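One structure is given below, encoded as structure tokens.
In what follows, chains are A, B, ... by sequence order, proteins preceding strands, each numbered from 1. Nothing here was measured: the structure is a model prediction, and the numbers come from that model.
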There are 2 protein chains.
Amino acid sequence: MPEQTTGSRPTLEAVAARAGVSRATASRVVNGGAGVRRPLVDKVRQAVEELGYVPNHAARTLVTRRNGAVAVIIAEPEFRIFSDPFFEQQVRGISRELTAHDSQLVLLWVEGPGDHDRIARYLGGGHVDGALAFSLHNDDELPSIISRVKVPTVFGGRPGWPGATSGLALPYVDCDNRGGAREAVRHLVSLGREHIAHIAGPRDQTSALDRIDGYRDVLLDADPDLVSQGDFTVESGARAMAELLERRPGLDAVFASNDLMASGALRTLRERGLRVPDDVAVVGFDDMASVVESTDPPLTTVRQDIEGMGRLMVRLLMRVLNEGEQHTGAPASVITPTTLVRRASA
Amino acid sequence: MPEQTTGSRPTLEAVAARAGVSRATASRVVNGGAGVRRPLVDKVRQAVEELGYVPNHAARTLVTRRNGAVAVIIAEPEFRIFSDPFFEQQVRGISRELTAHDSQLVLLWVEGPGDHDRIARYLGGGHVDGALAFSLHNDDELPSIISRVKVPTVFGGRPGWPGATSGLALPYVDCDNRGGAREAVRHLVSLGREHIAHIAGPRDQTSALDRIDGYRDVLLDADPDLVSQGDFTVESGARAMAELLERRPGLDAVFASNDLMASGALRTLRERGLRVPDDVAVVGFDDMASVVESTDPPLTTVRQDIEGMGRLMVRLLMRVLNEGEQHTGAPASVITPTTLVRRASA
DNA sequence: CTGAAAGCGCTAACAT
DNA sequence: ATGTTAGCGCTTTCAG
């Protein structure tokens, strides 16, 4: 760490002196001024103004034991997690909401298991009031690390349970994957489609699992051959579509677990000379702008409010923090609604 | 801000007591243990271990006046700044180097002029030891805000001078844009090309300006019609190439100010039935993996070590911080070398 | 409603 | 080499 930093700034003491009040009163004013008479409030405010006083964060943290900072943990098991547009939106929401709560965003970039120690120490060291993390894979170690150091944390996306057995209930914010999937499939049904296939996402991500569940909720007796496995990439979607077509040439609709795979499916369909939606209707999931708009035809999909989810993560965390010692009971997670966005593909 | 946070943790006092030494000695050991005898060091270390002691950051900051945190300012004048792969790499380098320096990365997301106040207050509030920012456009207000609050800051990319007149010299890290451009053009010359065009980047970004300067360094008497204006996007590259071809059908090479525009140029060339590199040789700039590898033919380009630049930004900042009061003289910036990466396009 | 005083946990002179 | 002693700047009882 560097040696030096902030040049000495005016202290509360100085403000108090200038305003002709005690430090205590000055402090009260700075913190909202409740219970201080107008004339004094004004005097202090003016002194603050004139001196350009800014409270010393460290001193305040030392006594209040809250530091107005929240860690956002970014794990990077695969490439590009950071430049994922999905991710960007969520972090943006988080950033905005954190600002609204006067808290700072401290970025914790986890590059691998080698970083776990450092992260645990940091989180356990009380440098932040809480943490926000994202559940990427079921085998992720993060959830257990987090519950070990007991720092209040909210997850983005329902965490898979590496320690489900250990009975730890981590609060999370997720969209209604299952309900959204149901809506997508119901829409296809309402269009009169009778052979609705599904291109599933990775089996180790809860979102994909929930979506396939939603699909099955509606199509109780779905033909297993109508479900094909993908991995959320465009390529896998194209491949899965090809497989489906081979197994069930008569299918007339497909619900893909995300937009990327849907766009891959569209490509395969086009190559086979099948018309969308006439021959095969296609619905995706996510409403990812970059995909959805450039697809041909424009993709009907299920939208989730990603930025809103980011904001909700913060709100939920703040609630947990404010509950303090008391309400130690498992904090409720929140599931946000999805909406079907009709475009041309279904 | 939340009310509560870290449950009470063991203090240095407790460690000292358990180890049977004074707080001062315990402190010395915790901070490296210089000048403390082995047996005591061991005792203290053990006590730390047993108690699971972690230093209280706030207390330490309060007295040392350094807080082990550096702000990374992300301005978002346009979309997607965050998901820019370029950006991601740089932040990754920063994150890694900061970790190596035991400092935390605090993310400051600036969404517009409305945030300027907040940022200035935060930066001026001494919450961080220093800041890292990126120079995006010459009309960016950030540089002046930063120099106003006088927080030690290092820029990524040479800042344009909104306050050049005010004589503020902001330290920065940038690659040798001009030299890299020269190398690119010289390469084209060495290939025997005689009519080398340039697709320039935005006039309000220093990198683009430096690159065109490099181009001119080599082609002292360059035909002005051989230079066309783009804006760093694929589309603009395609358009600029079309223009160039119209004005100077005989051109046999083009140096684009970045890879994106080079790929646009490639497209136009292909559409016109021109062969690359046989008819027209093409060189880009950046060596952006996602572009360079998918281009046809693979793009010859100028590589800059982006992650390394991120790391250098941190090192430079740390140096500035350590110099402290003394060396207030204009801190040296650093220019990193570029390398020409030969692929098939030139 | 306001002020006096007691720390929060740690480091850094200054003694010893 | 180790311990003693002041604070760092702020909030917060507790008196008045």
(request) Could you check which residues of residues 33-48 of chain B get a heavy atom under 4.0 Å from DNA chain C? Sort them by number, please. (result) none

(request) Measure the spacing between CG of A:L312 and CZ of A:R319 and express it to the nearest 0.5 Å. (result) 9.0 Å

(request) Can you tell me the distance, in whole Å, between the CZ atom of B:R9 and the C1' atom of C:dC8? (result) 12 Å

(request) Using whole Å, report how far NE2 of B:H57 lies from P of C:dC10. (result) 12 Å

(message) What is the separation between atom CG on A:L51 and atom P on D:dG9, rounded to the nearest whole Å?
(response) 14 Å

(request) Working to the nearest 0.5 Å, report the span between CD of A:E141 and NE2 of A:H116. (result) 4.0 Å

(message) I need the CG-P distance between A:L62 and D:dT12, as an integer number of Å.
(response) 12 Å

(request) Please report the shortest heavy-atom distance between A:L316 and A:P171, naming the atom on each side. (result) CD2-CB, 4.3 Å

(request) Rounded off to whole Å, could you give me the CZ-to-C1' distance for the B:R66 and C:dC10 pair? (result) 11 Å

(message) What's the separation between atom CD in A:Q90 and atom CZ in A:F134, rounded to the nearest 0.5 Å?
(response) 4.5 Å

(request) Give me the residues of residues 19-32 of chain B where at least one heavy atom lies under 4.0 Å from an atom of DNA chain D, by number, or none. (result) B:V21, B:S22, B:R23, B:A24, B:T25, B:R28

(request) Would you mind telling me which of C:dC8, D:dC8, D:dC10 lies closest to the side-chain atoms of B:R65? (result) D:dC8

(message) As an exercise, state the distance from OG of A:S333 to CE of A:M313, rounded to the nearest 0.5 Å.
(response) 10.5 Å

(message) In whole Å, I'd like the distance from the CG atom of A:L12 to the C1' atom of C:dA4.
(response) 14 Å

Side-chain donor-acceptor contacts of residues 35-46 of chain B below 3.5 Å, not counting sequence neighbours, with atom names and distances?
from  : atom 1 : to    : atom 2 : distance (Å)
B:R38 : NH2    : B:D42 : OD2    : 3.3
B:Q46 : NE2    : B:E50 : OE2    : 2.8

(request) Check the distance between C:dC8's C1' and B:N56's CG and give it to me in whole angstrom. (result) 8 Å

(request) Looking only at non-hydrogen atoms, find the nearest pair between B:Y172 and B:R158 and report the distance. (result) OH-CD, 3.2 Å

(request) Kindly indicate whether the side chain of A:T153, heavy atoms from C-beta on, has any atom under 4.5 Å from the side chain of A:L317. (result) no

(request) Would you name the heavy atoms of B:R60 and B:N31 that are closest together and state the gap between them? (result) NH2-OD1, 3.4 Å

(message) Please report the end-to-end axis angle for the helix from C:dC1-D:dG16 to C:dT16-D:dA1, five pairs per end, rounded to 10 degrees.
(response) 40°

(request) Identify, with sequence neighbours excluded, every residue that meets side-chain contact (heavy atoms from CB on, under 4.5 Å) alongside A:A71. (result) A:L108, A:L123, A:V128, A:A131

(request) For residues 21-33 of chain B, pull every pair meeting salt bridge (Lys or Arg N to Asp or Glu O under 4.0 Å), keeping only residues two or more places apart or in separate chains. (result) B:E13-B:R23

